[in-house]
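Chain A is the first sequence line, chain B the second, and so forth, proteins listed ahead of strands; every chain is numbered from 1. Just the heavy atoms: all of them, side chains too, but no hydrogens, waters or symmetry mates, feed the values below. Since this is a predicted model, take the numbers as computed values, not measurements.
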There are 2 protein chains.
Amino acid sequence: MAKQSMIKGASKPIPEPVLRRLPVYYQYLRKLNLESPREYISCAKIAEDLNNLAIQVRKDMEFTGAQGRPKVGYRVTELLKAIEIFLGWDNTTEAYLVGAGNLGFALLGYQGFKDYGLNIIAAFDSSADKIGREVYGKKILPVKKLPDMIRRTGIKIGILTAPASCAQELADAMLGAGIKAIWNFAPVKISVPAGIIVQHENLASSLAVLSKRLALLLAER
Amino acid sequence: MAKQSMIKGASKPIPEPVLRRLPVYYQYLRKLNLESPREYISCAKIAEDLNNLAIQVRKDMEFTGAQGRPKVGYRVTELLKAIEIFLGWDNTTEAYLVGAGNLGFALLGYQGFKDYGLNIIAAFDSSADKIGREVYGKKILPVKKLPDMIRRTGIKIGILTAPASCAQELADAMLGAGIKAIWNFAPVKISVPAGIIVQHENLASSLAVLSKRLALLLAER
DNA sequence: TAGATTGTTAATCGATTAACAATC
DNA sequence: TAGATTGTTAATCGATTAACAATC
């Protein structure tokens, strides 16, 4: 099966690169709103501050359906709203986190998620000295209760921050109980049936880009 | 300034997508070597297991300079070596980590980095109850010693896991002391002069892809 | 030998960028 | 009005995929 770099199914398919840039604009505009608020903004200004091209910003914004006014630009609040709605960040999606290690704790404590419509309801772990604790206001529950909780709450997103060695097993448990999307931070590829979404965060891929760039930079002279 | 999706400066410029896939092959081949070792492997087999196309695997491998034998395939050890050398993972690069919170701890404890030639030498933090502790064998030092340590050791990579509020300030301190590449996990864009490499891990971008895919999936029926 | 698989050149596809008309 | 900026159509560029020759 071929991979899909294009997100299909929508009226207009959205290129993944666009989808990855929209949050960057969103973060930028929110920060701008706090630090030096203004009613309107042009693509040229956004592009300049974010170090890319105005035409790309304009094209990207087109996907969200946001409309600007010639000579004036886009109303900042409208732009923010358009991105929010487009990404589905205007209403909250609930998720469970599985694996309450350091990374799990970091994600539980990340305040940004609520801006992106993601609410981690609870965490699950198998270790007795973690179960029962409360971290950043979120309960750590025994992992054997996970399937039951997923069924009862109908939660669709699982955030997997367990060690590689038990990632597949935990993924299977989640999927069996009705999870539809797994955000996988475990450093291992997990196999899932068709129709299930896996978003794999691979540190090694990022590191490869970083180390190659650095090697080229240092080799320049 | 336009952005560069292509890594320039090498004899043959390497597309970033290729660079991101190479570690996936690497992880796959290493796991294969442990679980069901074999001397040779074909691109078709790799592609099947990783869910992509044989021609893409072959093209990607071409960049590493690895050579296969028609009808036989590639020698697994050679493939691993070729990727290692190509990414510069065959000799160790040292790095400092700045910000010893939960995420910092998670990265300090991540065993995988040594396979990728990255060695985090020490961590820095400003909080008194962290300074002096040792985590996964790595000392936590006072952040005010950071510039001096960078100068003395000549370390070129800084891993930034501090809160957004002090990310820019810490980045400036690192760059002033000679850091050439920053792996930025802080949820904020940092500004750097030309010639400095910043690799920004943006959770919001990944979440956007995940949430849009899930929304489309759930809307299908 | 026949067939599988690599290596390499060509074709396609999609994303980015450019050009320009519309409009405030 | 003139000029800046959007909206939209066209051109370019690069990455992916296909085709096929080379070879073990």
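To the nearest angstrom, P of C:dA4 lies 19 Å from CD1 of B:I46. Remark: P of C:dT16 and CG of A:L19 are 12 Å apart, rounded to the nearest angstrom. B:Y40 places its OH atom 15 Å from the C1' atom of C:dA4, with the value rounded to the nearest Å. Between B:Y74 atom OH and C:dG7 atom C1' the separation is 8 Å, expressed in whole Å. Separating the CG atom of B:D60 from the P atom of D:dA15 is a distance of 11 Å, rounded to the nearest angstrom. In this structure, CZ of A:F63 is placed 13 Å from P of C:dG14, rounded to the nearest angstrom. Between the CD atom of A:E48 and the P atom of D:dT5 there is a distance of 11 Å, rounded to whole Å. Atom CD in A:Q56 sits about 17 Å away from atom C1' in D:dT8, given to the nearest Å.
With sequence neighbours excluded, the residues that form a salt bridge (charged side-chain N to carboxylate O under 4.0 Å, His left out) with A:R30 are A:D115.
With hydrogens and angles disregarded, no donor-acceptor distance shorter than 3.5 Å links the side chain of B:D60 to the backbone of B:T64. Using a distance-only test at 3.5 Å, with no hydrogens or angles considered, no donor-acceptor pair links the side chain of B:K71 to the main chain of B:R69. When atom types are taken as modelled, the side chain of A:R38 and the backbone of A:Y40 share a donor-acceptor pair closer than 3.5 angstrom. Remark: the backbone N or O of A:I121 is not paired with any side-chain donor or acceptor of A:N119 at under 3.5 angstrom.
Listed by first residue number, the stems of DNA chain D with at least three Watson-Crick or G-U pairs below 3.5 Å are C:3-24 with D:3-24.
In this structure, A:K212 is positioned above the aromatic face of B:F86, its NZ or CZ under 6.0 Å from the six-membered ring centre and within 45° of the axis.
Candidate nucleotides C:dA15, D:dA15, C:dT8 were compared by shortest atom distance to the side chain of B:E62, and C:dT8 ranks first.
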Return a single string for nucleotides 18-24 of chain D, one symbol per nucleotide in 5' to 3' order, where B is base contact, S is sugar-phosphate-only contact and - is none, cutoff 4.0 angstrom on heavy atoms.
BB---BB
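Side-chain atoms of A:Q27 and A:Y116 form a donor-acceptor pair, as typed in the model, at a separation below 3.5 Å. Between the side chains of A:E201 and B:S206, at least one donor N or O sits under 3.5 Å from an acceptor N or O.
Ring orientation note: the planes of A:F185 and A:W183 are tilted relative to one another, at an angle of 30° to 60°.
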